[in-house]
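Note that the numbering runs from 1 along the sequence shown for the chain. Whatever order the structure lists ligands and atoms in, that order sets their numbers, starting from 1.
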Amino acid sequence: MNLFDLTGKVALITGGTHGLGMAMAEGLASAGAELVITSTTPSKLEEALAHYTQKGYKASGYIFDVTDEKLAAEKVAEIEQKHQKIDILVNNAGIIKRVLAVDMPVEDFRKVIDVDLVGPFIMSQLVVKGMIKRKAGKIINICSMMSELGRDNVSAYASAKGGLKMLTRNLATEWAKHNIQVNGIGPGYFATSQTEPIRVDGNPFNEFIISRTPTGRWGNPEDLAGTTIFLASEASNFINGQIIYVDGGILATIGKPSNE
Ligand code: GCO
Ligand code: CA
């Protein structure tokens with residue numbers, strides 16, 4: 001028996017059109033899962049579906065915003081009708097706004113909380129109903145270094161990701177008795193379009209991250225595949241409410257002076 005086999009499983013990945021979401025989706029597909037992805041942008045969705053299909057994976061897509069609970073409910077019902085079930089939910093869709101707290105428009109703060117924290121709540125609540133009926137399910141919330149640490153410019157994002165860590169623990173507490181595992185992945189600093197503005201050569205943050213990460217490099221999106229497969233599979237059936245940080249060791253260390 002292969003504990004990591006996902007054959008016959010349906011995995012819903014919100015925002016699985018690029019970056020970490022796409023890498024996690026590919027990991028799940030490589031273990032046998034059928035992919036269902038979401039986006040708010042039709043062209044991005046088409047592009048992503050073409051990519052998955054070209055790789056030989058079974059994938060379909062739906063256009064909706066995870067913060068729109070009415071539309072999300074309709075879409076989840078449609079997905080469950082077409083695919084019979086959702087075995088795995090990856091709450092990946094998220095946004096960031098990098099502005100100092102003193103200057104941040106409250107409206108922007110609310111928007112980040114809405115997408116990064118309320119969205120996962122809405123999606124989990126919708127998808128768990130079928131999971132409870134089937135007495136099985138895996139929910140994976142994509143957290144962040146900012147679930148544990150602060151930094152300049154990301155007050156809303158850190159608040160949302162810290163909240164998502166606690167939402168993970170709370171949902172795990174409520175749903176464990178139904179054989180549903182709710183866990184999180186906390187990516188460290190990964191080379192994606194999201195980090196592009198802080199990764200460009202010449203931005204001191206680029207060098208800071210490389211020296212702050214014991215592994216000495218930015219993460220590659222593929223570095224997330226193994227943990228995603230693990231948390232989506234039977235191998236993790238007695239793990240609940242945990243956040244696994246995939247960070248090249250950042251959270252293990254206080255760091256070192258820049259001249260060492
Ligand atoms: C930042 C943000 C993000 C990171 C991430 C770290 O520092 O600007 O935290 O860009 O991608 O979520 O885990
Ligand atoms: Ca992204």
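Contacts of Y157 with ligand 1, taken as heavy-atom pairs under 4.0 Å, involve the side chain alone. At a heavy-atom cutoff of 4.0 Å, ligand 1 is contacted by no atom of A158, backbone or side chain. Contacts between D247 and ligand 1, counted as non-hydrogen atom pairs separated by less than 4.0 Å, are absent for every part of the residue. Contact annotation for I198 and ligand 1: only side-chain heavy atoms (C-beta onward) come within less than 4.0 Å of the ligand. Residue N153 does not touch ligand 1, judged by heavy-atom distances below 4.0 Å.
Using a 30° and 60° split on the angle between ring planes, F230 and F4 fall in the tilted class, from 30° to 60°.
Scanning all protein heavy atoms for the shortest distance to atom 3 (C) of ligand 1 gives Q194 OE1, 3.5 Å. Protein heavy atom closest to atom 2 (C) of ligand 1, with residue, atom name and distance, is I96 CD1, 3.4 Å. Looking from atom 5 (C) of ligand 1 to the surrounding protein, the closest heavy atom is S144 OG, 3.7 Å. For atom 10 (O) of ligand 1, the nearest protein heavy atom (residue, atom name, distance) is R98 NH2, 2.6 Å. For atom 9 (O) of ligand 1, the closest heavy atom belonging to the protein is M146 SD, 2.8 Å.
A cation-pi arrangement, defined by a distance under 6.0 Å to the six-membered ring centre and an angle within 45 degrees of its axis, is absent between R212 and Y189.
By the 4.5 Å heavy-atom criterion applied to side chains, S60 and V36 are counted as neighbours.
Near T195, the atoms of ligand 1 lying under 4.0 angstrom from a non-hydrogen atom of the residue are 10 (O), 11 (O). Proximity to G188 (heavy-atom distance under 4.0 Å) selects the following atoms of ligand 1: 6 (C), 13 (O). Under a 4.0 Å criterion applied to the non-hydrogen atoms of R151, ligand 1 contributes the atoms 1 (C), 7 (O), 8 (O).
W218 pairs with exactly one of T195, T192, N206 by the side-chain hydrogen bond (donor to acceptor under 3.5 Å, both in side chains) rule, that one being N206. Evaluated for a side-chain hydrogen bond (donor to acceptor under 3.5 Å, both in side chains) with S236, the options Q242, Q181, K138 yield exactly one hit, K138. The one candidate from N141, T173, V128 that meets the side-chain contact (heavy atoms from CB on, under 4.5 Å) condition with V182 is N141.
Separation of atoms CG (N91) and CG (L117) is listed at 10.5 Å; rounding is to 0.5 Å.
Of the N and O atoms on the side chains of H51 and E26, at least one donor lies less than 3.5 Å from an acceptor on the other residue.
Within a 6.0 Å sphere centred on CD of E47, other residues, nucleotides and ligands contribute 12 heavy atoms or fewer.
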